[in-house]
Asks: 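One structure coming up, written as C-alpha cells, with questions to follow.
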Amino acid sequence: MSGKPRLHYVNARGRMEPIRWLLAAAGVEFEEAFLETKDDLKKLQTNGDLLFQQVPMVEIDGMKMVQTRAILSYIAGKYNLYGKDLKERALIDMYVEGLADLNELITSNFFQPADKKEEHLATVMDKATTRYFPVYEKVRGHGQDFLVGNKLSRADVQLLEIILLVEESKPDILAKFPLLQSFKAKTSNIPNIKKFLQPGSQRKLPIQEKDIPRLMQIFH
C-alpha cells in the first residue's frame, strides 16, 4: 500500500464526495478503489472490512473507517480543519450538519418519480434560499473570511461544495447573497481547492439519469 488514503466507493459522488473534497482541500493525495458490481461490495462485506456492511470506507492510518461523518471528523482533525477548541468545533459541527441536511434534500431529487421531480426540486431550492443560505450569509456578515475562527475549516469546504452543487440546478441561487458570492470566489481560489475544481481532478461529475440503474444494482 502506498500510504495514501484509499477510498472504497462507486465512481460517483454520493456519500464519498465530501470526503474527496476534504482530502483535496487538505492537500492530501488519495487513491480510489471503485465498486463496479454488486460482487465487489459483497467481497468487502464478506471480508469483514465494512463494520456496518456499507460504504463509503476509507483506509487511512492503518484503519478501515466507515460512516461518512466519522471519516470526515477524523480527516478534519488530522489536517487541522476542525477549529482550535471545543467551542469552534461545536460551531463547525453545527454548520456542517445544516449543510448535510440540505445535501440530503438535493440528492433525494434523483429518486423522485419523474412527474414529481420538478416540484420537488423547486421545494429544495426554496428551502436553500429561505432556510439554509441565509444562515451562512449571516455568519459571513460577522466580517470574517471563513465561517469559524477566521481560518479554513471543514465547514467552509462543505459550504463551497454545496453552493456549487445547488448552482448546477439553479445558477443564480446566490443572487440575493452577496457575502456568499464573495465567499465562493475567495474559497474557490485557495490553491488546493482550485486544483480540485480543475477538469481531470478526482472530483466527480453530477450523476446522470442513465447512471442510476447501475448504481441501484450495486447497492440493492
Asks: Can you see which heavy atom on Leu99 is nearest to which on Ala155, and at what distance?
Replies: CD1-O, 3.8 Å

Asks: Please list all pairs passing the salt bridge (Lys or Arg N to Asp or Glu O under 4.0 Å) test where one or both residues lie in residues 128-151, with sequence neighbours left out.
Replies: Asp145-Lys186

Asks: Using the salt bridge (Lys or Arg N to Asp or Glu O under 4.0 Å) rule, collect all pairs that involve residues 163-177, keeping only residues at least two apart or in two chains.
Replies: Arg13-Glu168, Glu167-Lys184, Lys170-Asp172

Asks: What residues form a side-chain hydrogen bond (donor to acceptor under 3.5 Å, both in side chains) with Tyr74, not counting sequence neighbours?
Replies: Asp61

Asks: Could you tell me whether the side chain of Asn103 and the main chain of Ile162 form a donor-acceptor pair under 3.5 Å?
Replies: no

Asks: Could you tell me if the side chain of Arg69 sits less than 4.5 Å from the side chain of Glu97, heavy atoms only?
Replies: yes

Asks: Strictly distance-based, threshold 3.5 Å: is any side-chain N or O of Ser108 a donor or acceptor partner for the main-chain N or O of Leu105?
Replies: yes

Asks: For residues Asp101 and Tyr132, determine if any side-chain heavy atom of one lies less than 4.5 Å from a side-chain heavy atom of the other.
Replies: yes

Asks: Rounded to the nearest 0.5 Å, what separates atom CG in Leu22 from atom CG in Leu72?
Replies: 6.0 Å

Asks: Which atoms form the tightest heavy-atom contact between Ile193 and Trp21, and what is the distance?
Replies: CG2-CZ3, 4.1 Å

Asks: Should the ring pair Tyr9 and Phe219 be called parallel, tilted or perpendicular, given that the plane angle runs from 0 to 90° and is split at 30 and 60?
Replies: tilted

Asks: Please examine the side chains of Val58 and Arg6, heavy atoms only from C-beta on, and report whether any two atoms are closer than 4.5 Å.
Replies: no

Asks: So, does Gln202 use its side chain to make a donor-acceptor pair with the main chain of Phe30 at under 3.5 Å?
Replies: yes

Asks: Taking Phe34 as the starting point, is it possible to reach Leu215 by hopping between hydrophobic residues whose side chains are less than 4.5 Å apart?
Replies: no

Asks: Out of curiosity, does Leu86 fall in the hydrophobic cluster containing Tyr82 (side-chain heavy atoms, cut-off under 4.5 Å, transitive links)?
Replies: no

Asks: Quick one: pull up CE in Met125 and CZ in Phe133 and give me the separation to the nearest 0.5 Å.
Replies: 8.0 Å

Asks: Would Val139 and Leu179 count as a side-chain contact (heavy atoms from CB on, under 4.5 Å) if you check the C-alpha gap in whole Å, the side-chain angles of each, and the deciding distance to 0.1 Å?
Replies: CA-CA 9 Å; Val139 174; Leu179 298 180; over 6 Å; no

Asks: Taking the side chain as everything from C-beta on, heavy atoms only, tell me whether Ser153 gets closer than 4.5 Å to Tyr95.
Replies: no

Asks: Taking Arg20 as the fixed residue, which of Glu32, Glu161, Glu31 is the one that meets the salt bridge (Lys or Arg N to Asp or Glu O under 4.0 Å) rule?
Replies: Glu32

Asks: Using every non-hydrogen atom in the two residues, find where Ala128 and Pro134 come nearest and quote the distance to one decimal.
Replies: O-CD, 3.8 Å

Asks: Before you tell me yes or no, could you show the steps for Ile163 and Leu174 under side-chain contact (heavy atoms from CB on, under 4.5 Å), namely the whole-Å CA-CA distance, both residues' side-chain angles and the distance that decides it to 0.1 Å?
Replies: CA-CA 8 Å; Ile163 286 172; Leu174 295 185; 3.6 Å; yes

Asks: Looking at every heavy atom in both Phe183 and Leu160, which two are closest together, and how far apart are they?
Replies: CE2-N, 4.0 Å

Asks: Would you give the length of the straight line joining atom CG of Asp93 to atom CZ of Arg154, rounded to the nearest 0.5 angstrom?
Replies: 6.0 Å

Asks: Out of curiosity, Ile71 CD1 to Met63 CE, how far, rounded to the nearest 0.5 Å?
Replies: 9.5 Å

Asks: For residues Gln217 and Lys38, determine if any side-chain heavy atom of one lies less than 4.5 Å from a side-chain heavy atom of the other.
Replies: no

Asks: What distance separates Leu165 CG from Ile106 CD1, expressed to the nearest 0.5 Å?
Replies: 4.5 Å

Asks: Salt bridge check: are Arg15 and Glu104 linked by an N-O gap of less than 4.0 Å?
Replies: yes

Asks: Over all heavy atoms of both residues, which pair between Ala185 and Asn189 is shortest? Give the atoms and the distance, please.
Replies: O-ND2, 2.9 Å

Asks: Side chains of Ile75 and Leu23, heavy atoms from C-beta outward: is any pair under 4.5 Å?
Replies: yes

Asks: I need the Leu7 CG to Glu17 CD distance, nearest 0.5 Å.
Replies: 10.0 Å

Asks: Please enumerate all residues that pass side-chain contact (heavy atoms from CB on, under 4.5 Å) together with Ala24, with sequence neighbours excluded.
Replies: Phe196

Asks: Is the backbone of Ile207 close enough, under 3.5 Å, to the side chain of Asp211 for a donor and an acceptor to pair up by distance?
Replies: no

Asks: Considering only heavy atoms from C-beta outward, does the side chain of Leu50 approach that of Leu41 to under 4.5 Å?
Replies: yes

Asks: So, Glu59 side chain and Lys64 main chain: donor-acceptor pair closer than 3.5 Å or not?
Replies: no

Asks: Return the set of residues passing side-chain hydrogen bond (donor to acceptor under 3.5 Å, both in side chains) with Glu29 (not counting sequence neighbours), or none when no residue passes.
Replies: Lys4

Asks: Per the salt bridge (Lys or Arg N to Asp or Glu O under 4.0 Å) rule, what does the pair list look like for residues 116-127, sequence neighbours excluded?
Replies: Lys117-Glu209

Asks: Does any non-hydrogen side-chain atom of Ser188 lie less than 4.5 Å from one of Leu197?
Replies: yes

Asks: Does Leu35 form a side-chain contact (heavy atoms from CB on, under 4.5 Å) with Leu44? I'd like the steps, not just the answer.
Replies: CA-CA 10 Å; Leu35 306 179; Leu44 291 177; 3.9 Å; yes

Asks: Quick one: closest heavy-atom pair of Asp49 and Met57, and the distance?
Replies: CB-CE, 3.9 Å

Asks: As a quick check of understanding, evaluate side-chain contact (heavy atoms from CB on, under 4.5 Å) for Thr187 and Leu159, giving each step before the final call.
Replies: CA-CA 10 Å; Thr187 311; Leu159 176 56; over 6 Å; no

